[in-house]
Amino acid sequence: MNVLLVEDDLALGDALGQALRQAGLRAVWVRRLKEARAFLDNEAQDVLLLDLSLPDGDGFDLLRELRARGSTMPIIVLTARDALESRLAGLRDGADDYLVKPFAIPELLARLQVVTRRSSGFLSALWQIGPLAIDTETRTVTLDGVAVSLSPSEFALLFELVRKGGKVIGRESLVEHLCCESDNALEVHVSNLRRKLGADWVRTIRGVGYLLPKP
């Protein structure tokens with residue numbers, strides 16, 4: 001999962017970036033709204049973690065801009081502003097969650113899981129797609145009740161395909177999410193996933209990418 005962290009505090013930004021990467025997320029950390037806008041214009045993100053009091057403006061401005069443009073990307077506000085009015089304004093303007101500093105890293109990771117599964121159409125950490133069950137917390141998979149052993153890259157590939165809900169995902173996007181060295185590495189992961197789950201679970205859209213068909 002790609003996470004953009006917008007946080008101007010050096011110590012906190014560094015700590016959060018490390019925690020996100022240790023949790024298996026692909027995190028990019030920027031300190032200004034200008035940098036965030038430029039990054040979002042060039043690369044789609046799965047979640048935005050947004051501080052409000054930034055050197056070049058208010059994070060609420062970016063929140064409103066993204067929602068006005070029709071972005072449905074999950075956004076979690078991270079801020080020291082604990083007043084009720086500020087929290088209500090954030091949620092009213094389109095934030096999916098509002099976390100007041102200081103907060104515990106495990107709580108942030110849990111909230112990330114919640115907004116991610118909500119945006120994917122799932123209500124719990126257990127994702128059920130026909131006979132396929134994926135536990136996003138324990139990162140385990142069963143098919144027809146039988147455990148399926150997947151490598152971290154294979155699980156990440158399956159996670160992305162399921163999260164997109166039957167939509168085609170481009171090869172380049174999957175390479176980025178899986179941090180593959182090349183298209184060839186991606187093809188190896190796809191082949192292994194088909195071998196372990198069955199060929200019908202991953203469909204190739206020639207010249208575009210892959211999708212997981214709806215059951």
Side-chain angles (χ1 to χ4, degrees), residues 1-10 12-52 54-78 93-97 99 108-109 111-121 136 152-153 155-187 189-190 205 207-212:
M1 181 165 55
N2 290 332
V3 179
L4 177 61
L5 169 64
V6 187
E7 169 60 61
D8 70 316
D9 184 278
L10 287 171
L12 180 58
D14 183 59
L16 289 176
Q18 290 187 42
L20 292 168
R21 287 187 284 274
Q22 288 173 359
L25 308 176
R26 186 171 178 262
V28 173
W29 168 35
V30 298
R31 300 181 60 213
R32 287 172 172 76
L33 290 175
K34 179 180 179 181
E35 297 170 327
R37 290 185 177 102
F39 193 84
L40 290 170
D41 285 343
N42 290 300
E43 186 171 341
Q45 296 296 293
D46 298 311
V47 181
L48 174 63
L49 301 179
L50 180 63
D51 189 15
L52 296 181
L54 296 162
D56 58 343
D58 194 305
F60 275 149
D61 293 336
L62 178 58
L63 171 62
R64 296 185 190 106
E65 288 170 23
L66 291 170
R67 295 310 188 219
R69 281 158 39 186
S71 172
T72 59
M73 171 180 57
I75 299 175
I76 300 177
V77 170
L78 308 178
D93 287 342
D96 295 88
D97 205 345
L99 191 55
L108 172 61
L109 295 177
R111 291 180 184 239
L112 271 169
Q113 287 186 344
V114 169
V115 298
T116 299
R117 69 183 182 230
R118 186 186 300 148
S119 67
S120 303
T136 59
S153 293
F155 183 90
L157 171 60
L158 179 62
F159 180 91
E160 281 304 305
L161 291 170
V162 173
R163 195 171 64 85
K164 292 298 184 180
K167 297 177 182 177
V168 180
I169 309 178
R171 297 174 63 90
E172 183 177 334
S173 175
L174 284 172
V175 168
E176 286 184 3
H177 275 85
L178 273 63
C179 299
C180 295
E181 314 82 45
S182 64
D183 277 357
N184 289 337
L186 173 61
E187 289 178 1
H189 297 320
V190 169
I205 305 301
V208 181
Y210 301 95
L211 67 78
L212 189 145

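We number each residue from 1, following the sequence as shown.
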Only counting residues at least two apart or in another chain, list the ones meeting side-chain contact (heavy atoms from CB on, under 4.5 Å) with N184. S182, E187

Which residues share a side-chain contact (heavy atoms from CB on, under 4.5 Å) with P152, sequence neighbours left out: none

What pairs with E35 under salt bridge (charged side-chain N to carboxylate O under 4.0 Å, His left out), at least two apart in sequence or on another chain? none

D58: what forms a salt bridge (charged side-chain N to carboxylate O under 4.0 Å, His left out) with it, not counting sequence neighbours? R81

Atom pair [atom1]/[atom2] of [X] and [Y] - distance to nearest 0.5 Å:
X	Y	atom1	atom2	value
E160	F155	CD	CZ	10.5 Å
I169	L174	CD1	CG	5.0 Å
D56	R31	CG	CZ	10.5 Å
L5	L12	CG	CG	7.5 Å
H189	L157	NE2	CG	8.0 Å
D61	L63	CG	CG	9.5 Å

Validation: residues 16-24 side-chain donor-acceptor distances under 3.5 Å, sequence neighbours left out:
{"from": "Q18", "atom 1": "NE2", "to": "D14", "atom 2": "OD2", "distance (Å)": "2.9"}
{"from": "R21", "atom 1": "NH1", "to": "A27", "atom 2": "O", "distance (Å)": "3.4"}

Would you please test L54 and L62 for side-chain contact (heavy atoms from CB on, under 4.5 Å) and show each step? CA-CA 11 Å; L54 296 162; L62 178 58; over 6 Å; no

Quick one: do L25 and V47 satisfy side-chain contact (heavy atoms from CB on, under 4.5 Å)? Show the steps, please. CA-CA 10 Å; L25 308 176; V47 181; over 6 Å; no

Short question: side chain of D46, backbone of N2 - any donor-acceptor pair under 3.5 Å? yes

Determine, stepwise, if the pair L40 / M73 fulfils side-chain contact (heavy atoms from CB on, under 4.5 Å). CA-CA 11 Å; L40 290 170; M73 171 180 57; 4.2 Å; yes

Would you indicate whether the side-chain heavy atoms of L158 and L212 approach each other to under 4.5 Å? yes

I'd like to check D51 versus V6 (side-chain heavy atoms, cut-off strictly below 4.5 Å). Are they in contact? no

Shortest non-hydrogen pair, Y210 vs L186, comes out as CE1-CD2, 4.0 Å

Please find the pair of heavy atoms, one from D8 and one from P55, that lie closest to each other, and give the distance. CB-CD, 3.6 Å

For the pair L10 and W29, evaluate side-chain contact (heavy atoms from CB on, under 4.5 Å) and give the outcome as yes or no after the intermediate values. CA-CA 10 Å; L10 287 171; W29 168 35; 4.1 Å; yes

Sequence neighbours left out, what passes ring-ring contact (aromatic ring centres under 6.0 Å, His included) with F159? Give chain and number order. W127

D97 and side chain to side chain contact (heavy atoms under 4.5 Å, CB included): which single residue from L112, I76, L108, L78 fits? I76

